[in-house]
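First comes the structure, then the notes that go with it.
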Amino acid sequence: MSHYDLIVIGSGPAGRAAAIQAGKLKRKVLVIDRRDRLGGVSVHTGTIPSKTLRETVLNLSGWRERSFYGRSYRVKDEIKADDLKARLHMTLDHEVDVLEHQFNRNHVETLNGFAKFIGPKEVEVATEAGETTVLTADNFLIATGTKTYRPDNVPFNGTNILDSDEFLDMAKIPRSLVVVGAGVIGVEYATMFSALDIQVTLIEPRDSFLDFIDKRLIEDFTHQIRENGVDLRLGSAIEKIEEHDDMVEVTLENGRHVRAEMLLFAAGRMGATERLNLKAVGLETDHRGRVAVDRKSYQTDVPHIYAAGDVIGHPSLASTSVQQGRVAACHALETPTLPESPWFPYGIYSVPEISTCGMSEEELQERGIAYEVGVARFRETSRGHIMGLEHGMLKMLLSLKTRRLLGVQIVGEGATELIHIAQAVMNLKGTVDYFVENTFNYPTLAEAYRVAGLDAFNRMPIPDEFKVKKEERAKEKKATQKRLKAEGKS
Ligand SMILES: Cc1cc2nc3c(=O)[nH]c(=O)nc-3n(C[C@H](O)[C@H](O)[C@H](O)COP(=O)(O)OP(=O)(O)OC[C@H]3O[C@@H](n4cnc5c(N)ncnc54)[C@H](O)[C@@H]3O)c2cc1C
Ligand SMILES: NC(=O)c1ccc[n+]([C@@H]2O[C@H](COP(=O)([O-])OP(=O)(O)OC[C@H]3O[C@@H](n4cnc5c(N)ncnc54)[C@H](O)[C@@H]3O)[C@@H](O)[C@H]2O)c1
């Protein structure tokens, strides 16, 4: 029976980062994944495919050029499912290739099969062929991520009533699409397909959506997506979903009906822990199948078993999963490491993009923090004119007491890249003065930071150290007059 320093269950971003970290520390590490290809949800059905699809949609539809050439401008007239899939396969193959190479270089062993605990330091791995292997380790990392939430009353059929894992496999692009759930997944896919000129209805039972984003930004975003053709129905709980003559019909509790060729059900995800047999190690999960951990070390209640990534819940991002996996491996292998920074960005790859870092205006109000706001619109920047941007804004929130940057919210082109300036300034404890003192490349969208910074700066009280004292100024004036007189110039 093989024994390891660390066994990682799941090869998504958390498992991958943990395994490579263990390899760098020259420890014996094994990654088990039930899929025959490494990479997890992130590479195969989540982050990478959805972002590749977005890029393909924007390129083939000519979306970014339409403000110059009109709404009917297209790079390719008839876009088919195969056009979308071609680039997807190339990107995924490349991602898997890079990952396998990284594992090889770092002596990370891999095994394909379903893992379950059979004892505190023992897992059994079952292959698809029905063979089983038992392996032991000093430490374990549960990085099994999530699976889609599929309630029994939704008649999933794998063809036109799909969850988000199946969605990218569609045989044909529908002419009309209903997306249920205006969470991050629902909003991203709804807006991407709307950019392909597909009639999209986005249904959300609650009266609001993406509540962790600043309300003003969401208002701007809602206006834009409605203008782009998304039929957003908030406060619309679903009574039933049925299939009639190749069409999907959604009956809403308010009595209204929505019909479309395809339905995407994107109402959240559940921790993939059901088959791990966590009872065998004395661990429990919450109602969504998630495992509780100490948020600094990622240790579960069983000290040699760690958990990281989506399986521990919020924030459930590939980006944060990577950090968590690395920190967990270091802790398990008793190696000091740098902690995670407090401020990390959210990126929503909708059309248009949204990205935020730090607090929203609502959060500042709840906490009773006195603040000032600075706003810049992309159409007011030269880069925005060059790119033909009609929309897009950056909103900056600053403490009136300390002048520190507390939050930045961006909607529009390049938001997910631009946000890292805010992240750096916030983590380095920067103030509004940073944006006023520093020169930005011109013409860039990043210049919006300077514009928003100045907007707030002009309304903020000037700190004492910047104020030129009256007496000092009078003294200076006198000294200058004296000097000029002595030089015979006055
Ligand atoms: C459509 C979509 C788009 C997304 N877009 C973004 C984005 O743009 N940016 C971002 O940061 N995040 C995004 N995310 C979230 C991101 O994909 C997840 O945060 C990330 O994949 C979580 O990584 P993880 O390491 O927890 O595991 P996962 O990537 O979920 O991988 C877990 C792996 O464990 C395996 N596994 C499960 N159970 C077992 C078992 N018992 N035995 C063996 N193997 C097992 C699974 O097969 C899987 O391969 C998106 C998610 C989705 C669904
Ligand atoms: N760009 C990114 O970072 C990115 C992209 C996609 C997904 N993700 C991650 O994936 C995870 C899952 O995303 P998600 O959008 O599926 O989940 P979510 O929890 O973000 O959103 C689910 C939405 O569905 C609604 N809903 C819940 N039950 C419903 C029901 N029965 N009928 C109709 N609507 C219902 C909820 O009100 C909510 O608005 C998120 O945690 C997110 O962080 C991240």
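In each ligand, atom 1 is the first atom listed, and ligand 1 is the first ligand listed. Sequential numbering from 1 along the given sequence is applied to the chain's residues. Please read all numbers here as calculations on a predicted model, not as lab measurements.
At least one N or O atom of A115 sits closer than 3.5 Å to an N or O atom of ligand 1. For ligand 1, one of its N or O atoms has an N or O atom of V41 under 3.5 Å away. In terms of N/O distances under 3.5 Å, ligand 1 is approached by S42. Between D310 and ligand 1, a contact under 3.5 Å exists for at least one N or O pair. Any N or O atom pair closer than 3.5 Å counts here, and T47 shares at least one such pair with ligand 1. Inclusion of V311 in the set of residues having an N or O under 3.5 Å from an N or O of ligand 1 is not warranted. For the pair S11 and ligand 1, the shortest N or O to N or O distance does not fall below 3.5 Å.
Heavy-atom proximity to atom 30 (C) of ligand 2, evaluated over A267, G347, A266, is greatest for A267. Selection from T144, L168, I48, I32 by nearest heavy atom to atom 37 (C) of ligand 1 gives T144.
Look at L317 and you'll find a heavy atom under 4.0 Å from some atom of ligand 2. The closest approach between any non-hydrogen atom of S316 and ligand 1 is below 4.0 Å. In this structure, R269 is part of the shell of residues with a heavy atom less than 4.0 angstrom from ligand 1.
The closest side-chain donor-acceptor pair between N160 and E261, if any, does not fall under 3.5 angstrom. No hydrogens or angles considered: a donor-acceptor pair under 3.5 Å links the side chains of R16 and Q102. No hydrogens or angles considered: a donor-acceptor pair under 3.5 Å links the side chains of H3 and D138. For the residue pair R326/T337, the side-chain donor-acceptor check at 3.5 Å is satisfied.
Scanning the protein heavy atoms around atom 15 (O) of ligand 2, the nearest turns out to be I185 N, 2.9 Å. Looking only at heavy atoms of the protein, atom 24 (P) of ligand 1 is closest to P13 CD, 3.8 Å. Summary of contacts: the protein heavy atom closest to atom 16 (O) of ligand 2 is G268 N, 3.1 Å. The protein heavy-atom contact nearest to atom 31 (N) of ligand 2 is F265 CZ, 4.2 Å. Of all protein heavy atoms, the one closest to atom 46 (C) of ligand 1 is D33 OD1, 3.7 Å. Of all protein heavy atoms, the one lying nearest to atom 5 (C) of ligand 2 is V184 CG1, 3.2 Å. Given atom 43 (O) of ligand 2, the protein heavy atom at minimum distance is S316 O, 3.1 Å. Protein heavy atom nearest atom 21 (O) of ligand 2, with residue, atom name and distance: G183 CA, 3.2 Å. Counting protein heavy atoms only, atom 32 (N) of ligand 2 is closest to V180 CG1, 3.9 Å. Annotation: atom 25 (C) of ligand 2 to nearest protein heavy atom, E204 OE1, 3.5 Å.
Of all the atoms in ligand 1, the ones that sit under 4.0 Å from a non-hydrogen atom of K51 are 3 (C), 4 (C), 5 (N), 6 (C), 7 (C), 8 (O). Each of the atoms 40 (C), 42 (N), 43 (C) of ligand 1 lies under 4.0 Å from some heavy atom of I9. Atoms of ligand 1 found under 4.0 Å from any heavy atom of R35 (numbered from 1 in listed order, with element): 47 (O), 49 (O). Atoms of ligand 1 lying under 4.0 Å from at least one heavy atom of G113, given by number and element, are 42 (N), 43 (C). Listed by number with element, the atoms of ligand 2 under 4.0 angstrom from any heavy atom of P315 are 43 (O). Atoms of ligand 1 lying under 4.0 Å from any heavy atom of Y349, numbered from 1 in the order shown and given with element: 8 (O). Near E188, meaning under 4.0 Å from any of its heavy atoms, are these atoms of ligand 2: 1 (N), 2 (C), 5 (C), 6 (C). Contact atoms of ligand 2 toward P205: 33 (C), 34 (N), 35 (C) (distance under 4.0 Å to a heavy atom of the residue). For ligand 1, the atoms lying closer than 4.0 Å to a non-hydrogen atom of A14 are 25 (O).
Counting heavy atoms under 4.0 Å from ligand 1, residue A143 touches it through the backbone alone. Contacts between S50 and ligand 1, counted as non-hydrogen atom pairs separated by less than 4.0 Å, involve the side chain only.
The pair R54-E353 meets the salt-bridge criterion, with a side-chain N (NZ, NE, NH1 or NH2) lying under 4.0 Å from an Asp/Glu carboxylate O. R269 has no carboxylate O lying under 4.0 Å from a charged side-chain N of D310, or vice versa, which leaves the two without a salt bridge. Between E219 and K215 no salt bridge is recorded (no basic side-chain N to carboxylate O distance below 4.0 Å). Using a 4.0 Å cut-off between charged side-chain N and carboxylate O, D82 and K172 make no salt bridge.
Residue-environment remark: CZ (R288) exceeds the threshold of 12 foreign heavy atoms within 6.0 Å.
When each of E243, E242, E249 is tested with R259 by the rule salt bridge (Lys or Arg N to Asp or Glu O under 4.0 Å), just one qualifies, namely E249.
When side chains are defined from C-beta on, F156 counts as touching D163, because their heavy atoms get closer than 4.5 Å.
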